[in-house]
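I have placed the structure first, in the form of structure tokens, so that the comments after it can refer back to it.
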Amino acid sequence: LKLSSNNIEFIEEYGFYGVEELKSLDIKDNKLKYIQINSLSLLETINIDNNELEDIDENFFANLENLRSISLVRNYIKYLSEKAFETNNK
């Protein structure tokens, strides 16, 4: 799913309802400050480059056991939890 360059500022908690089998998500070049993606348990790649993310908490990647590629380039990350990648074993 490609949602890049759309000036998206917010995606609701259930914004990915109905696409739980999604394997790739490209949401680069938006204005996201927060995103909840842990309902996408089959996700393998995600590109969140060039957004406005500030915090990567311990639940950010929870339930994403298939995740193999994460790109967070050009964000405003101030806090990265030491447990952020703990639930991801790949």
Exercise for review: Output yes when a side-chain donor or acceptor of Asp57 lies under 3.5 Å from a complementary backbone atom of Phe60, and no otherwise.
Suggested key: yes
Check your understanding: Can you tell me how far CG of Asn66 sits from CG of Leu40, rounded to the nearest 0.5 angstrom?
Key -> 11.5 Å
Check your understanding: Are the side chain of Asp26 and the backbone of Lys28 linked by a donor-acceptor contact shorter than 3.5 Å?
Key -> yes
Point to revise | Partners passing side-chain contact (heavy atoms from CB on, under 4.5 Å) against Tyr14 (at least two apart in sequence or in another chain) | key: Tyr17
Review point. How would you list, by chain and number, every residue that makes a side-chain hydrogen bond (donor to acceptor under 3.5 Å, both in side chains) with Thr45, sequence neighbours excluded?
Key: Ser24
Review point. Does Ile56 belong to the same Ile/Leu/Val/Met/Phe/Trp/Tyr cluster as Phe10, with side-chain heavy atoms less than 4.5 Å apart forming each link?
Key: no
**Study point:** Within-4.5 Å side-chain heavy-atom neighbours: Ile27 and Ile35
**Key:** yes
**Study point:** Positive for side-chain contact (heavy atoms from CB on, under 4.5 Å) with Leu3, one of Leu32, Asp29, Ile8
**Key:** Ile8
Practice item. Check whether any side-chain N or O of Asn51 sits under 3.5 Å from a backbone N or O of Tyr34 as a donor-acceptor pair, and report yes or no. Key: no
Practice item. Working to the nearest 0.5 Å, report the span between OG of Ser81 and CG of Asp55. Key: 10.0 Å
Practice item. Would you mind telling me which of Leu1, Ile37, Leu42, Ile46 makes a side-chain contact (heavy atoms from CB on, under 4.5 Å) with Leu22? Key: Leu1
Review point. Which distance, rounded to the nearest 0.5 Å, do you find between the CD of Glu54 and the OH of Tyr76?
Key: 9.0 Å
Practice item. Output all residues satisfying side-chain hydrogen bond (donor to acceptor under 3.5 Å, both in side chains) with Asn75, sequence neighbours left out; order by chain, then residue number. Key: none
Review point. What residues, two or more places apart in sequence or in another chain, satisfy side-chain hydrogen bond (donor to acceptor under 3.5 Å, both in side chains) together with Ser71?
Key: Asp49
Review point. So, do Ile11 and Phe16 sit near enough that their side-chain heavy atoms are less than 4.5 Å apart?
Key: yes
Review point. Considering residues at least two apart in sequence or located in another chain, which fulfil the side-chain hydrogen bond (donor to acceptor under 3.5 Å, both in side chains) criterion with Asn30?
Key: none
**Study point:** Residue pair Glu20 / Ser39: nearest heavy atoms and the distance that separates them
**Key:** CG-O, 3.9 Å
Check your understanding: To the nearest 0.5 Å, how far apart are CD1 in Ile70 and CD in Glu44?
Key -> 12.5 Å
Check your understanding: Does Glu9 have any side-chain contact (heavy atoms from CB on, under 4.5 Å) partners at least two apart in sequence or in another chain, and if so, which?
Key -> Lys31
Review point. Leu53 versus Ile48: any side-chain heavy-atom pair under 4.5 Å?
Key: yes
